[in-house]
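Small disclaimer: the values here were computed from a predicted structure and weren't measured. These values consider heavy atoms only, across backbone and side chains, with no hydrogens, waters or symmetry-generated copies.
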Amino acid sequence: MLRLKGKAVVAFHVAAMFAASSVAQLTDQVYTSGGTPTRGQITNITPAEIDISVSNQIRKISVRDIRKINFSGEARELRKVRDLMADGRYEDVKEALVKVSVESLDTRKALKADYDFFGAYAEARLVLRGGGDKNGAVRKLNSFIKEHPASYHYFSAVELIADMAVSMGNYKAASKFYGDLIKAPWNDYKLRATVLQGRSMLAEKKYEDAVKRFDMVMESQYDDPESLLQKKMAETGKAVCLAESGNHDEGIKLVETIIANNDPQLSGILFGHAYNALGRCYLKANKPKDALLAFLHVDLLFFSDSETHAESLYNLSKLWGDQNQADRALRARATLTQRYAGSVWAKEE
Amino acid sequence: MKLRHTCVFLLICLGILMAAIPGVDLHAVEPARKFLEALHERGYYDTAADYLDRAEANPLVSAEFKETLLYDRATTMIQGAGGQRSPVAREAYLDQARTLLEEFIKQKPQHFLVSVAKGQLGNLLEKRGTLKVVESKKPGASNVADLLAQARDLYTQAYQVFETSEIEVKEKLASFPTIIDERDDPDTFAQREQLRKEYLQSQLLRAVVKEELADTYEPGSEEHTKVLTEAVAQYGEIHKKRRRLLAGLYALMYQGRSFQKMNKCEDAITRYNELLENSGNQPAFRVLRLKVMLLALDAWTHESMKQYAIAAQRGREMVNGARPNEARDPDWLLLRFKVAQAFQQHAVALREENPRDSAAKSSLNEAKKMAIYVSRQPGDLQQAARALAAELGGRSLEDEKTVPRNFVEAKAAGKDALDALQTADIVLSMVPDRLAKEQDPEQKKFLQEQLEEANQTKAAGQQDAIHYFRVAMSFADAETSVEEVNIVRYFLCYLHWKTEAYLESALMGEFIAKRYPGSPTAKDCAKIAMASYLRLYTAGTEEDREFETQHVIGICDYITKQWPAEPEAAEAFNTLIPFMIKTGKLDQARAYLAGIPDNSPNKGEAAVKTGQAMWSAYLKGARELRVWRQEGEVPAAQITSKQQELDQLKQKTQEVLSDGIARVQDAGKVDASLAAASLALTQIYLDTQQTAKAIELLEHDQIGTLKLVRAKHAAVSAPDFAQETYKTALRAYIANLAGGGNGQIMITKAKEIMNELKATVGTTGAGKKRLIGIYVALARDLKQQIELVVDTQAKSALTKGFEQFLQEVSSESKELNVLNWVADTFNGMGEALTFSKTISPEASHYFNEAISTYERIIEMGKNGQLQLDDGIKVHVQLRLALLLRKLRNYEKSMKFYEAMLRKNQMVLPIQVGAAQTLQEWGDSSPKEFAKYDKAIKGDLPDSKTKRPLIWGWITLSKKIASRSDLRDTFHEARFNVAHCHLQMARGKKEGSKAAKQYYRFAQNDIRNTYRLYAKPGDEIWSKWREKYDNLMKQIQRDQKRQPIGMKEIEEEKKEKKTVASK
């Protein structure tokens, strides 16, 4: 899947810089996670894979493995946008898109799809980070999905629109979109979508339904590393459901097992989720000091994922206040509103 | 000040502590240590204490972490004590810390942290004693005697702790061998070093506590003198033994201070002078010198000494040497304040002697300036400095600083400060020269004063100006004109640049330039932004310059577009080009180059650099193309397109380099950059068959690289430059043989070059090896040179020229590396003339020349004319075997393989080559089908063991099946087994039992490989899957089945899985 995060982004960018300097590229180039790019003629694109003809042989490349595609004959300006996207420079993406001549997109349908996706994706990411017109951003993403249902960006767009829906508190829509994501042909992706669906149900306080989703993931037979991570993510979700349903001790035990059996250096995001879950379990168990320590773990050590960090800051701002630590409460609140203005947690009172 | 001196040691202790702890809970389930450190870092000591209280019962915390809970609680308490405003609370924290440390030492006597904990305990007692002394000196303190008694008790306890620690450490040290070699036993060495440090710390802290103990007695009393005398002796002992260490120098300073406390100022000053003479310039020595000066000022101005002039003069010297970042440091402010006092005392003393003494006035002025400076800085001294300034007749802070009431006033105040600053800059740039030349003492003195005043104005003026302009910005409202606001912004941008706050100056400058491009200050702001980003880029680390790079490019690009005709644009272009080159955006670099005006003096250098980068890109592309051609996987159209792209690049590079070289050449300067460009252009001429031009440039008097190399010019001193030049020259002279010039002259020149090349690498073993490497590269270059020629006649002429030279060299030479090179070059020439599987007569001729030369090498080895070791023999034999296979002389080729394998059967490339030769022999004719069986199962069985000498593909694949690094070769072997079986099937009668059997074998070969070795997602498997798929389709077509390739086998596997799951 073309997820524009992490290390892949760096590699993507470096490769993109060299590619951008070439003139009059006559073939399409598909960059995957390893090795040299596959050069040839792209003959078919679906949300799951693309077909590329190399020496008259059709090769199928899974969208998940694709880091980047450079289309033959595409405008240099569009390629620059790709690089900016890879860098996460969404403000610049918006500016750079203006310079792309719309006529230059007429040659291939895929170019128009890329153009529309970059615009919608960048806007939504900016709104999610700093706040703004969320409805407008959702409309653009929706329009992209309708106009380009076969684009290889399809699942990225669906996931982002679901995230947007969560940030707007529209859990019903989020659940639907995460449901669409489950249709993706990749095992761990299905699991991740199910976890996200469970989490949106959790946010909606539909604990029984959420537990069903998490159980589905935990019981799945897949055992590749990414699927295993999703199973643990599901466990953190289930722990919160248990706590919310009155079984906080069981929830605490479940999270403690996750923490005890995993390496914090290898799975920082998992640990962020686990400590937030632990904090919520302790809150339900009426142990505010323990809860505070759990959420502090996220604020001080596992803050790389913005939504997870925002959740911990929200809870800390409450808990510090209860501990008569007004300055620390204000600090947590200020960080939350300044850094994660677009998060659903920033809107919670 | 009292508390300050111990900080150094506390930090040292903490340093040891921090170095020792990280490994403790490395494998903990919860990152407890990191969490505790993060809590400390944020100052959440109370929460840290809560966490530690809960840790005992926390199942997520490791046992190792729980081991040191008492110790961690104690350090949390000690650090937390600093944040307590109430002395009672502070005491309570320290008390608790002490109990915890004692408990820890008692409970875990063997723990490695015990000695550190003891140090902490001593520090803690000393800290508490000092607090008592400070409290006793507070105005109105009622229980002074009691407080001092308590302090005495605490100091005594601290003294005992350090004394005990010293004895313990000494005993531990005695158990170490006298001599430990760090290289032999680094762990023991490190342990002893750590103990030595601890020993020194304990000694020094013991003496410090002794000195502090004196503070609890009445100054001048018998006890006071006795304790201080003991301290002096202890410090003296340490300094005597450790005079080269910083700790030894501190001991000397403390010794001086102890003398001073006994009113023995002369003794103190002797020690201070010794320390002030120390020329060490490291930060630690600088800090020490400042501390010494502060003490020395007290000693010089003491009523028993009254050396005010010395104090004022020495103090001023140090103040003038303050660095910009030190100007507002509290200790430096204290220094200024003390120097101001010294000047004041000096003036008073002068007036006592002579009320009209003019020097008294200038001394008072000096005192006033320093006092005003300090009074402007917020802090503990501000009040006292204001009072002193007022006493000296200076204006108070309120008088000194205009308090602006609106935008206009604030802007004007800022501008005044800025003007004063610029005047000071002028003074600082002009006066030193005049001062050096001035003879009149009065005038000299006046200039000196001017200089000092300018220095002070500069230090204070920058901050004042920034302050006022910021105030102005805060006054700006809707009624303030944008232009006025932008002028203030511009001043701020400039001041940030002056004070080296580059990020601020960059952001402010970029904002004005982009937001208000029409503003009169926009261009200057853009220039400051560009320069600031460049400074940030230079200061950044290699790995983390993305932000700076993007912004340098962004602002330069903006300048070139916004003000294309201005000189700033040329400067921006010159900045941009290296960045574009670095990021591989050569088209953009070229576009920027075109943007530099023709009359710009920098254009030539920019062109040379761009041209070189383009040439590097060309060489890189050419290498890539070579790989594409060798692998044969990239479509022909793409190769053609790439070739055209490279040809264009070469053409453009030639243009850019010619232009650049001509421009730089006109300037008359020959540097490394020009030499590299000249060599690159020569190589382009060679690659584009402009041989005469290449030779002309090589031999050019001013910029010819051959000339420069022969003259040993500094511009060509880079490693390998001479060798690269000789290689290029050799290619040029050889290539010129084809041009119809005087052949003999060219051959003579080429031979000269070969001799020079040989001389540069030397005659050592390494040199000879290097020469072989150079010849190999040269053979490749010559081959490429032939390939680059499109015209058939020209190609033929060129190869004939090469042949003539090679024959000449070969006939004369008896050197292995030369003969080997000749053979390799003939081989390369043959390959360059081979365009398909069919070998042309011309190519065959060169392959045979290569064979003859290799055979001659072997022959010369046999008759002793050449020394051939086993490695070289194998190399030559392998080459011969390959060439003979290429010429379809399989029988002779196999003889060489056999000879090599008889020497060593275990060399994989030889086994692969032998199997491949047998297979190709099988391919060559239906009569030779039996060779397929040998290729599969091996050949030449041992008479006793019956094991074949040549393994064949099956044995070969079995031997390397478990080697992940040889997966490619493994699949090559497996694939060839199937290939041979397919060919064997085809050799049988269609539909016959035998044919069916071989088809089945071939199919099973692929099926078994898939079942046992296919790894979906593995890059090597993906590559070979395509080949297996192709082979499978051939089998299916032969059997009149639907050619679905590998799907057939893959479906089978899926079906089996489904059945199994049911």
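Shortest non-hydrogen contact noted between A:L293 and B:F35 is O-CZ, 3.7 Å. Taking both residues in full, the closest heavy atoms of A:R328 and B:G43 are given as NH2-O, 3.9 Å, listed atom of the first, atom of the second, then distance.
Using a 4.5 Å heavy-atom threshold, the side chains of B:D587 and A:R76 count as touching. No side-chain heavy atom of B:E37 sits under 4.5 Å from any side-chain heavy atom of A:L300.
Other residues, nucleotides and ligands contribute only 12 or fewer heavy atoms inside 6.0 Å of the NZ atom of A:K80. The 12-atom threshold is not exceeded at CZ of B:R515, counting heavy atoms of other residues, nucleotides or ligands nearer than 6.0 Å. At most 12 non-hydrogen atoms from other residues, nucleotides or ligands lie less than 6.0 angstrom from NZ of A:K94. In the displayed structure, B:Q1042 atom CD is contacted under 6.0 Å by at most 12 heavy atoms of other residues, nucleotides or ligands. Within 6.0 Å of CG on B:D965 lie more than 12 heavy atoms contributed by other residues, nucleotides or ligands.
Ring orientation note: the planes of B:Y51 and A:H297 are nearly perpendicular, at an angle over 60° on the 30°/60° scale.
With 3.5 Å as the limit, one finds no donor-acceptor pair spanning the side chains of B:S1022 and A:R59.
Contacts between A:Q323 and chain B at a heavy-atom distance below 4.5 Å are absent for every atom of the residue. Proximity to chain A (any heavy atom under 4.5 Å) is shown, for B:D1029, by neither the backbone nor the side chain. When heavy atoms are compared at a cutoff of 4.5 Å, B:L649 does not approach chain A at all. Looking at B:E1026, the atoms closer than 4.5 Å to chain A (heavy atoms on both sides) all sit in the side chain, from C-beta outward. Both the backbone and the side chain of A:L296 have a heavy atom closer than 4.5 Å to some heavy atom of chain B. Proximity to chain B is limited to the side chain of A:L301, based on heavy atoms less than 4.5 angstrom apart. Residue contact with chain B, scored on non-hydrogen atoms closer than 4.5 Å, involves the backbone and the side chain of A:D290 alike.
Note: A:Y275 OH to B:L60 CG = 5.5 Å, rounded to the nearest 0.5 Å.
A salt bridge does not link A:K289 to B:D53: none of the charged side-chain nitrogens sits closer than 4.0 Å to a carboxylate oxygen.
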